[in-house]
There are 2 protein chains.
Amino acid sequence: MRPTVHDVAAKAGVSLATVDRVLNNRPGVRSVTRDRVERAIATLGYVRDVAAANLAKGRNYPFVFILPEGDNSFMRGLEGEVRAAMARSASERTQITLLPVPAFDAQVLVQALSEAHESRPAGVAVVAVDAPEVAEAVKRLRDDGIAVVTLVSDLPGSGRDHFAGVDNIAAGRTAGTLMGRFTGGRDGSVAVLAGSMLVRDHRDRLEGFSAVMAEEFPARRLLPVIEGQDDPVLVEKLVRALVEREPDLAGIYSLGAGNRGLVAALEKTGNSKTICTIAHELTPHSRAALRSGTIDAVLNQDAGHEVRSAIRVLKAKADGLAVIEAQERIRIDIFLKDNLPIEQA
Amino acid sequence: MRPTVHDVAAKAGVSLATVDRVLNNRPGVRSVTRDRVERAIATLGYVRDVAAANLAKGRNYPFVFILPEGDNSFMRGLEGEVRAAMARSASERTQITLLPVPAFDAQVLVQALSEAHESRPAGVAVVAVDAPEVAEAVKRLRDDGIAVVTLVSDLPGSGRDHFAGVDNIAAGRTAGTLMGRFTGGRDGSVAVLAGSMLVRDHRDRLEGFSAVMAEEFPARRLLPVIEGQDDPVLVEKLVRALVEREPDLAGIYSLGAGNRGLVAALEKTGNSKTICTIAHELTPHSRAALRSGTIDAVLNQDAGHEVRSAIRVLKAKADGLAVIEAQERIRIDIFLKDNLPIEQA
DNA sequence: CAATTTTTGATGTACGTAAATCAAAAATGT
DNA sequence: ACATTTTTGATTTACGTACATCAAAAATTG
């Protein structure tokens, strides 16, 4: 049988109350006695039954998740994962409030952060917009003892406790290697399609991609970056113009969202098979395009992992515990049509 | 506040005992009363506090994990994950026994299974050897009400409850697509290096790989399969002979273990950069070879995921609960040198 | 050595559920 | 209407920990 506090008390020759004082760092224990108890804990291999402890404490964790609104498939998937976490809140003793804000709007985000602040949560997770006033708002939360985790998009210099997202420079590098090798058999240039260079993730991905192309595939000509504002209609127009302008196009790296327009342009102009296309985020659209062969590879960050990691980290920070950073690192998944995961409800 | 059994009893106008009878499917409740209670549960949104329930039940899950011995890096990593799960056993109410057996020996595995049987565990996880007598032993366990999950290597027709491993046909297909596209720029043949065709995983991977090569890259010549018995020394010899025999070799797909010999042969003969090499399982060796460029891509199954999934499934089966198969599906990870996860301790 | 402070013990209640017992009430069959 | 069976209620104990209270013992101080 697993040892309990009673066993520890008996082994150490002290009362239950003393063991409790040691375990919960309460005052009023001589260091000699403390040592005796700790030795007993060590020899018995006692570990606190967390379930029973939480039950007794009635501990719960009120968290606020701030996510961008809009029809971005990835963000909607992320919201779905947060809602799934809310459904689990009973067993995880969390109490999650979802706070939607317009995308890419620093001012509104600052307001949302102070609104979250007023509800006095134990922690806040936020998809950050990279602006100094947002960083200030995050600082205020932290100064008030509220844990803050950035989600998907980071905010360096804000003093946030943790970033739950992928290394986007590495993601760009991975795309570069795939692009270079997939187009190895042919000539032609490569285009990069971004959402906006004002967003940190996109800048990082471009940096990684360009670096690998320059280092390892210097013969390949890189066209100037096209910014599609993650807008399917605009993207489609831009891509149509691109393929007309560049009959010799070997590949397109789409590092932002709004891939519907990209796919539409490629399929309507009959270029879906000839141009090597690499995109980000596995959504119903990108999945279909991958399966049909219009997209050749998708780099993905698992939104479910990110949300669950954010919650684990927020809990740990709220309890003042350490986080094993390596364990919370989010992987970059590569999907080809052959290793697509089964579609979930 | 979250509703409790007391609230449900009050709402339904019945006693605590009746609510308990409904919740735990105990007999002696009229269906009208049962309905009343269930309506109360629904309207209040009551969810059982699993922590409290487990505490009250004092439930624990004795499991046996049967793994092959030997210096196979992947298997040692798997063992490490099982030990990590043993360390968590306190909080997860599991009680895991590790049973090592010589690799690829059906007879010994049967003995190990009956030894496990005698300890009367709630469940058994086993890296299966594909043999009828093993299937028989698994059947005996299941007939005795013990849940059985196959790990990494499946055993169809044994009636096992679940397989915690990857779809190896899909893995082979993925390797095929990568090989075809990575070698797109050049002529030359492709070789396949297996451990043994007696093992199910290897057969499946070959099947998937060959299918994609035939369907999508019919011009590429596939050499006859080389069997290296997962033995580094033998593999090195065979690969050396191969590269001498086939000066025009474009790629090698190594679908088994023992990649140290492969890497050594390629590096010593100076072919490490010219031949496209795709291998399985991310180990310290394959990681180093990936980083140095000797291996171009590694397909991986996450041993940690597999072990945790196996435990979740064993628990569910032991409690007679349903498993959401889609949620327990193990993904095939693709690693390039650019998206390697940080090295863990 | 007495007075004071600090440390320890003993005990009880709480958390939300499980499980058992015994008595009471209601439904069923004849 | 009676006996019998089934259903329900009331109550208690337990799981392992947290936390509070009050008394007792030990250590420290003057």
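We name chains A, B, ... by the order of the sequence lines, and we start the count at 1 in each one. The basis for the numbers below is simple: all heavy atoms, side chains too, and nothing from hydrogens, waters or symmetry mates.
B/Asp302 has no carboxylate O lying under 4.0 Å from a charged side-chain N of B/Arg331, or vice versa, which leaves the two without a salt bridge.
Contact check, B/Thr18 against D/dG9: a side-chain N or O comes under 4.0 Å of OP1 or OP2.
Considering only residues two or more places apart in sequence or on other chains, A/Arg83 meets the side-chain hydrogen bond (donor to acceptor under 3.5 Å, both in side chains) condition with A/Glu79. With sequence neighbours excluded, no residue satisfies salt bridge (Lys or Arg N to Asp or Glu O under 4.0 Å) with A/Arg140.
For the atom pair CZ (B/Arg2) and CG (B/Asp7), the distance works out to 11.5 Å, reported to the nearest 0.5 Å. Taken from CD in B/Glu306 to CD1 in B/Ile330, the straight-line distance is 5.0 Å, to the nearest 0.5 Å.
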Summarise protein proximity over nucleotides 15-30 of chain C in one line of letters, 5' to 3': B for base, S for sugar-phosphate only, - for none, counting protein heavy atoms closer than 4.0 Å.
BBBSB-------S---

